[in-house]
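Worksheet: one structure, shown below.
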Protein chains: 2
Amino acid sequence: MASVVVDVMLKPEILDPQGKAVHGALPRLGFEGVTDVRQGKRFELELDGEVTPQRLDQVRALAATLLSNPVIEDFDIRVED
Amino acid sequence: MASVVVDVMLKPEILDPQGKAVHGALPRLGFEGVTDVRQGKRFELELDGEVTPQRLDQVRALAATLLSNPVIEDFDIRVED
């Protein structure tokens with residue numbers, strides 16, 4: 001059993017209205033000193049068996065097709081302990 | 001400038017229909033060997049200045065009130081390099 005995390009974030013040049021909404025709410029709630037907020041998605045995949053380079057390639061293909069929209073989003077994959 | 005990441009995931013005992021939908025789509029797309037998928041949110045906060053223990057406490061309060069619903073969600077905070 002291995003856990004693989006895929007983080008999906010909007011590309012930096014894409015406007016992020018959810019992040020902007022959170023950022024705008026902070027001063028009203030008394031939080032100061034936050035210059036930017038971006039909101040994205042996090043997926044935790046449980047794989048049976050070992051994480052091999054081949055399986056990571058499979059997860060990369062999955063992240064690029066099902067979990068993210070490569071036109072507007074970047075993703076990052078990492079194996080959790 | 002410091003970057004703080006807040007990961008918000010549904011508690012393990014809470015049903016995750018988004019994760020289940022992704023999981024259900026995997027075999028149709030030819031991905032095998034994934035036993036579970038959970039979907040959550042990832043927030044990237046840019047703070048001006050240094051990350052002090054006091055500011056991390058502030059981010060913790062923010063995560064517990066604005067970014068997550070503590071009844072059904074857990075959150076995790078980490079400082080990115």
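Below, read A as the first sequence line, B as the second, and so on, with proteins coming before strands; counting in each chain starts at 1. Just so you know, these numbers come straight off a predicted model, no measurement behind them. Heavy-atom basis, side chains included; hydrogens, waters and symmetry copies ignored.
Heavy atoms from other residues, nucleotides or ligands lying under 6.0 Å from CZ of A/Arg78 number more than 12.
Of all residues in residues 3-22 of chain A, those placing a non-hydrogen atom less than 4.5 angstrom from a non-hydrogen atom of chain B are A/Asp7, A/Met9, A/Val22. The interface of residues 53-63 of chain A with chain B, defined by heavy-atom distances below 4.5 Å, comprises A/Arg55, A/Gln58, A/Ala61, A/Leu62. For residues 35-43 of chain A, the interface with chain B (any heavy-atom pair closer than 4.5 Å) comprises A/Thr35, A/Asp36, A/Val37, A/Arg38, A/Gln39, A/Gly40, A/Lys41, A/Arg42, A/Phe43, sorted by residue number.
With sequence neighbours left out, the side-chain hydrogen bond (donor to acceptor under 3.5 Å, both in side chains) criterion links B/Glu32 to no other residue.
Both the backbone and the side chain of A/Leu45 have a heavy atom closer than 4.5 Å to some heavy atom of chain B. Proximity to chain B is limited to the side chain of A/Leu66, based on heavy atoms less than 4.5 angstrom apart.
Hydrophobic clustering (ILVMFWY, side-chain heavy atoms < 4.5 Å, transitive): A/Val34 and B/Met1 are in distinct clusters. Follow the hydrophobic side-chain contacts under 4.5 Å out from B/Ile72 and you never reach B/Leu67; the two are in separate clusters.
The OG1 atom of A/Thr65 sits 4.5 Å away from the CZ atom of B/Phe31 when rounded to the nearest 0.5 Å.
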